[in-house]
Protein chains: 2
Amino acid sequence: MGMNDVADTPAGHLLVVDDDREIRGLLKRYFTREGYRVSTAANGVEMEQIVSNWKIDLIVLDLMLPGRDGLSLCRELRKSTHVPIVMLTVMGEEDDRIRGFEGGADDYIAKPFNPRELLARIRAVLRRTRMVAPTAERAHGRVLCFGDWRLDLGMRRLTSSDGTLVDLSTAEFDLLTAFAEHPQQVLSRDQLLDLARGKLEIPFDRKIDMQVSRLRHKIEEDPKNPTLIHTVRGGGYMLTAEVLIDEKPAA
Amino acid sequence: MGMNDVADTPAGHLLVVDDDREIRGLLKRYFTREGYRVSTAANGVEMEQIVSNWKIDLIVLDLMLPGRDGLSLCRELRKSTHVPIVMLTVMGEEDDRIRGFEGGADDYIAKPFNPRELLARIRAVLRRTRMVAPTAERAHGRVLCFGDWRLDLGMRRLTSSDGTLVDLSTAEFDLLTAFAEHPQQVLSRDQLLDLARGKLEIPFDRKIDMQVSRLRHKIEEDPKNPTLIHTVRGGGYMLTAEVLIDEKPAA
DNA sequence: GCTTTGTGTTACATTCAGTTACAAACTTTT
DNA sequence: AAAAGTTTGTAACTGAATGTAACACAAAGC
């Protein structure tokens, strides 16, 4: 899991700027495991050096830095580049939050933080800034066919090949869509959460399990022995079927 | 999954840079046995010579070198090439770890190290930097046939030639897939772990033995006298059967 | 033969996923 | 706006898959 998760392509190159060595180490390890390439810097000078040498996709910036504070750095970066920034601040300082956003940060999170949450926010920011809004992709009356099913993304309906309409809840539909758009690929719970919701969420670890279970009961012949959504222990879930794209809406 | 770490094509060309002759020898022997091509260098000058003459896939670089230290070498290499680098450092120097990463190393390991762990990390780095999706490759409705068995990689199912479906766990399936994709080849436990899991793992030495045992009980006629998965004492295991690839899914 | 090393296996521990049952949030109806 | 229904979230329980240890035995070396 994190799978690592998905060893695909590195998900992006992050830069962590914090003077606390432990935090740098922690984040580095965590994000690396999650498939990101990670560089770190302890202060503004190091940061600038790295930023000028690499194509950075996102910066995690601590508000409190020796010498130059994070806020002014953030403001300045904003002028020169378009690299999205996520701010880190100490707990409870409501003020900082506001100031962080004013400085042009794309998101903000307070220490002590949950790495999972930070990761979720980072994904969300990357998604926003890369403008691959999950909803935009799927918005085109496309119909995805797999197994016996036709999943109409425009109508947001699932029909069986014999024409029966199956009633899916929003969450179920989104989840199934996530699977259908990434067939034959192991998707971690984090990824699914991310793909299905498309917005920041601090999940109960097993939301997805539950959702998968519910979905299985609706689309699998025998939910106990699923043939469509396969579970990969320690990894996540995978839609095993081949998916065909049909541009015309279901009859 | 690396289709490339097969005996005929070397899994990659590694360069070990360390002034300690013993370490060079050890790593050279170990990695060569694991299917890698290995060059060694004792200092920065030798290293540069080799790097400019060969296509190197990964460099194992000691932090402590005579003359020029590894860290500055690492930083410099980073600017000129994209060769991934794994740093070696003496135990316990947290500082070094951080500096190693900041210098642009892709991974880091402390001496005295477990060669097995180093190998695992090297594989992980190669996988990351080559951007090969472990699952994506195998995802093509391919069916591998051997002995009486049909292993459907898309469906993730194992069926007997008479149509009986055998229930394999995820780990068992992955292991069998590893065998089927490298038939008639002795695979070390490390290789199997890597092929089957595709992610960094520092294993209990006998995970694989256990898994093989369990697998045998499911697919061998007489598990005590296996005909498919053969044990190579001191080496690992080997699938003796010939494997045919069938593009069509099982009926 | 006896020792050493490596493998097979049994038996148990641990981790992880599936599910039930209920609580909380959200919608719709009245 | 209260009530009823629906969907989603959480916890706790259960069983299955996998990891670990320990022991038995076989092969290789002496």
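Numbers restart at 1 for each chain; the letters A, B, ... are given by sequence-line order, proteins then strands.
One interatomic measurement links the two molecules: CZ of Arg156(B) to P of dA17(D), which rounds to 14 Å at whole-angstrom precision. Asp174(A) places its CG atom 11 Å from the P atom of dG9(D), with the value rounded to the nearest Å. Rounded to a whole Å, the CG atom of Leu176(A) is 13 Å from the P atom of dT8(D). One atom, CG of Asn225(A), and another, P of dA17(D), lie 10 Å apart when rounded to the nearest Å. The distance from atom NZ of Lys207(A) to atom P of dG18(C) is 18 Å, rounded to the nearest whole Å. Here dG18(C) presents its P atom at 12 Å from CG of Leu215(A), a figure rounded to the nearest Å. Between Met238(B) atom CE and dT7(C) atom C1' the separation is 16 Å, expressed in whole Å. In this entry the distance linking CG of Asp222(A) with P of dG18(C) reads 13 Å, nearest Å.
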Polar atom pairs between nucleotides 19-29 of chain C and protein, under 3.5 Å, N or O only, would you list them?
unit_1: dT19(C); atom_1: OP2; unit_2: Ser213(A); atom_2: OG; d: 3.1

Under 3.5 Å, N/O pairs linking protein and nucleotides 14-16 of chain C:
unit_1: dT15(C); atom_1: O2; unit_2: Arg233(A); atom_2: NH2; d: 2.9
unit_1: dC16(C); atom_1: O4'; unit_2: Arg233(A); atom_2: NH2; d: 3.1

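With a 4.5 Å cut-off on side-chain heavy atoms, Leu151(A) and Thr177(A) count as touching. With contacts defined as side-chain heavy-atom distances shorter than 4.5 Å, the pair Phe179(B)/Leu187(B) qualifies. Contact of the Leu192(B) side chain with the Leu175(B) side chain is registered, since non-hydrogen atoms from C-beta on lie closer than 4.5 Å.
Residue pairs meeting the salt bridge (charged side-chain N to carboxylate O under 4.0 Å, His left out) criterion with at least one partner in residues 219-228 of chain B, sequence neighbours excluded, are absent.
Every residue two or more places apart in sequence or in another chain was checked for a side-chain hydrogen bond (donor to acceptor under 3.5 Å, both in side chains) with Arg214(B), and none qualifies. Applying the side-chain hydrogen bond (donor to acceptor under 3.5 Å, both in side chains) rule to Thr231(B) yields the partners Arg216(B); only residues at least two apart in sequence or on another chain are considered. In this structure, the salt bridge (charged side-chain N to carboxylate O under 4.0 Å, His left out) partners of Lys218(A), at least two apart in sequence or on a different chain, are Glu172(A). Among residues two or more places apart in sequence or in another chain, the salt bridge (charged side-chain N to carboxylate O under 4.0 Å, His left out) test is passed with Arg189(B) by Asp209(B). Under the side chain to side chain contact (heavy atoms under 4.5 Å, CB included) criterion, Leu26(B) pairs with no residue, sequence neighbours left out. For Ser160(B), the side-chain hydrogen bond (donor to acceptor under 3.5 Å, both in side chains) partners two or more places apart in sequence, or in a different chain, are Asp162(B). Residues meeting the side-chain hydrogen bond (donor to acceptor under 3.5 Å, both in side chains) test with Ser161(B), sequence neighbours left out: none.
Dashed line: the shortest gap from a side-chain N or O of Tyr237(B) to OP1 or OP2 of dG6(C) is not under 4.0 Å. Listed pair Gln211(B) / dG19(D) meets the phosphate criterion, a side-chain N or O lying under 4.0 Å from OP1 or OP2. Regarding contacts with the backbone of dT7(D), every side-chain N or O of Thr170(A) stays at 4.0 angstrom or more from both OP1 and OP2.
Smallest separation of non-hydrogen atoms from Ala180(A) and Leu239(A): CA-CD2, 3.8 Å.
In this structure, Glu172(B) and Lys218(A) both approach DNA chain D, and ranking their closest nucleotides by distance from the 5' end singles out Lys218(A).
When the local axes at the two ends of the helix from dG1(C)-dC30(D) to dT30(C)-dA1(D) are compared, using 5 base pairs at each end, they differ in direction by 20° after rounding to 10°.
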